[in-house]
Amino acid sequence: MSFRLKTILGIVLIQAILLLILNGYGFNAFKSSSNAELLKRAQTTTALFASTVHNAVLASDLAALESFMDEILTNHDIVYARVLARGVVLAQGGDPSALAKPFVDDSSFESVTDSVFDSHADISLATKKYGRVELGFTTKAMEKVLTEARHKLFIFDALAMALVTIFSYLLGLYLTRGLATLKNASRRVAEGQLGYQIAVQGADELAQTAAAFNDMSSKLAVLDEEHRRAESEIKLLNTELEKRVELRTTQLASLNKKLEHQSLHDALTLLPNRTLYHDRLDQAILIAHRNTQSFALMALDLDRFKEINDSLGHHAGDLVLQETAERLKTALRHSDTVARMGGDEFALLLPTASSADEAAVVAKKILLLLNDPLVIDGRSINIGASIGIALFPQHGDDATTLVRRSDSAMYVAKRTHAGYVLYDSSLDAEDAERLTLHMDLRHAISHQQLVLHYQPKIDFSTRQVSGVEALVRWQHPRLGLIYPDAFIPIAEKAGMMKPFTLAVIELALKQSSVWTQAGLNLTIAVNISAINLQDPQFPADMAAMLHTHQVLPTNIELEVTETAIMSEPLKAIENIKKLSGMGLQIAIDDFGTGYSSMAYLRKLLVAKIKIDKSFVMDMHNNKNDEVIVRSTVDLGHNLGLTVVAEGVETQGAWDKLKELGCDSAQGYFMGRPVAAAELEKWLERSPWGLTNPDTDANKKTVQGSS
Ligand code: C2E
Ligand code: CA
Ligand code: CA
């Protein structure tokens, strides 16, 4: 129901109630006042009638009485009339039933129950009563008048009410039209027509409300606009963000995949790495365990990788590893795994090789493949490898043991140049020794456990010892004398070569000083490693030590390998210049096994080259070796260098070298490396010793070989 309707209905209702109350109350008041009036009038009328009929009664003029009677009865209030004299009715008229009733002299209108009341007046003259008149009055006529009046009142009220209603309607119309406008505007705003404006007329409250509404609506519109803009910006941002998140997610997913692959593979060879290998090994163990099967695993280490890496550089080293990986893959079945464990170490898992024999077949195949020379940067390189084999479950039923034991077997293969070795429990001792050595070595250097043995070098021209090579040994308190091949690689890996070499040089200088004081003039050659050669501090260290021990630099020779020079040629050349500038002699050791070029040899300020024993030892059986030795001797001489041959084990080799014009020789044929005291005895007794300068070659042969 609308506000307008409610207002009008309310007003009408209030009016109706008021009307009813007023009407009822007014009528009753009116009615009671009319009754009282009627009573008064009745008494007056009765008295007047009595005086009117007075004369006619006295004269007993019945005709006059009759006409008075008719006249009085025209009065609507009067129901009957009667004139009495001395108890006799002279005249009467009106309603017969009212006449029939006994006359009740009662002036109280209220007691008149049948709306008729009787009234009388005496007819008297000078206090003497002649008769009386009786009149019956009725309220009916009065009531009729009253009813009419009431109707009129009602009509008036109704008219007034209608007027008020119309007025209130119009008022309501005015008020509610404003409200309706507001309502309509509000609805529009609610429906989204933000900023909707109402036409403002005048300055009353409604107009102010409308103005306030307009203001609010405009503000809402502005806010809404801002909101929409922000919303669309957020939406844009959201879609942008979603896109970015999606992109990032896919990128991350592929990165994860890549990372996972990276974390399980070696970046250089793309082979599985140590982690993945161990994972596969664990799986292989589980499967073999369940099916009570055997399988083999191998540890493989390249033989000459370090040399190649040092002399030809890391790029060549990388190529060697990649080529090795390729060759290993071709040797294996699909179910096999070949992994790179680090450096030049590889590991192979052969789940289908169930016996030592089957594993040996694979090992031979691999060795054959790796024995084929590699061609790197146009050079042909023999790399070689050593393999250790372990079997599940014979040699261990867990991954760690199996890997350790295949490693042990590999070390033995390396040391014995056996190619491949199957693990055996006797190898455990060796394995343990290797570990012990690693832990003991640092202690050995600082606790004087290193000793030097000296091997003589004989000049072909004088047939006399001209110098000695100092070869280090480790006097281990528990394991006895250990040879350098067993611990120098450990010292290199552990980064101990600097203190190690300085300790050896210290020993050699002490010995040199002792021998010089004893009148023995022997040059002592010391082996130094690549690390020392590249150490810018080394020449200064060397000078300081020479000074401390008061040894002439010309009494000391330094042997460096080709690979030691070639790993960092510039630094090496720099140091060689300084050292030879100090008066020290430099010899290139193991010449022929490395990859140094003639061009470099020319630049190097070296005094000597030492032909590697591998060419010398087999020279008389192997034409190739003889050719190499011959050309090396010629080359050295052309460059103005002294040429020394190592590994002279036989008279034949001695003779051949002499024929080729070699300058000096070193080898078991003349003398093995021995402790200083023993060397001193040898110097006295040997035909090549200092005391027998004129002994002939034949005699030497007998004594030397005995
Ligand atoms: P190298 O410098 O080539 O030393 C010569 C090696 O050949 C010595 O082995 C020596 O005993 C051995 N030899 C000598 N004559 C003959 C022979 O007629 N036939 C055979 N088959 N071998 C012979 P050693 O003493 O075991 O040393 C092995 C290697 O250890 C040395 O080879 C050298 O590279 C390294 N080394 C030895 N002492 C030191 C050292 O003080 N410092 C460094 N950095 N390396 C050293
Ligand atoms: Ca040497
Ligand atoms: Ca050598």
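Order of listing sets the numbers, starting from 1, for every ligand and every atom in it. Along the sequence shown, residues carry numbers from 1.
Protein heavy atom closest to atom 29 (C) of ligand 1, with residue, atom name and distance, is Asp485 OD1, 4.0 Å. For atom 42 (N) of ligand 1, the closest non-hydrogen atom on the protein side is Asn527 O, 3.1 Å. Of the protein's non-hydrogen atoms, Val472 N, 3.1 Å is the one closest to atom 38 (N) of ligand 1. Nearest protein heavy-atom neighbour of atom 18 (O) of ligand 1: Tyr668 N, 2.8 Å.
Relative ring orientation between Tyr423 and His395 is described as perpendicular, the plane-to-plane angle rising above 60° on a 0-90° scale split at 30° and 60°.
Residue contacts with ligand 1 include Glu469, since one of its heavy atoms falls under 4.0 Å from the ligand. Not close to ligand 1: Gln666, with no non-hydrogen atom less than 4.0 angstrom away. Using a non-hydrogen distance threshold of 4.0 Å, Lys610 does not register as a contact of ligand 1.
Of all the listed residues (Glu649, Gln455, Lys613), Glu649 holds the heavy atom that lies closest to atom 21 (N) of ligand 1. Nearest residue to atom 41 (O) of ligand 1 from Val526, Thr501, Ile488, Val504 is Val504 (criterion: closest heavy atom).
From Glu506, atom CD reaches atom CG of Leu452 across 11.0 Å, with rounding to the nearest 0.5 Å.
The distance from the Ca ion (ligand 2) to the nearest N/O/S atom of Glu559 is under 3.0 Å. Note on Asp589: counted as a metal contact of the Ca ion (ligand 2), an N/O/S atom lying under 3.0 Å. For Asp612, every N, O or S atom stays at 3.0 Å or more from the Ca ion (ligand 3).
A side-chain contact (heavy atoms from CB on, under 4.5 Å) with Tyr277 is found for exactly one of Leu348, Leu271, Leu297, namely Leu297.
For Glu469, the N, O or S atom with the smallest separation from the Ca ion (ligand 2) is OE2. Taking the N/O/S atoms of Asp590 in turn, the shortest distance to the Ca ion (ligand 3) belongs to OD1.
Taking the charged nitrogens against the carboxylate oxygens, Lys457 and Glu469 have no contact shorter than 4.0 Å, which rules out a salt bridge.
Defined by atom type and a distance below 3.5 Å, a donor-acceptor pair is missing between the side-chain atoms of Asn521 and Thr516. The closest side-chain donor-acceptor pair between Asp663 and Thr642, if any, does not fall under 3.5 angstrom.
Protein heavy atoms are absent from the 4.0 Å sphere centred on atom 9 (O) of ligand 1.
Side-chain atoms of Lys365 come within 3.5 Å of backbone N or O of Ala331 as a donor-acceptor pair.
The ring-ring contact (aromatic ring centres under 6.0 Å, His included) pairs that include a residue from residues 504-549 are Tyr454-Trp515, where partners are two or more places apart or lie in different chains.
Counting heavy atoms under 4.0 Å from ligand 1, residue Arg473 touches it through the side chain alone.
Aromatic rings from Trp654 and Phe460 are positioned such that their centres are separated by under 6.0 Å.
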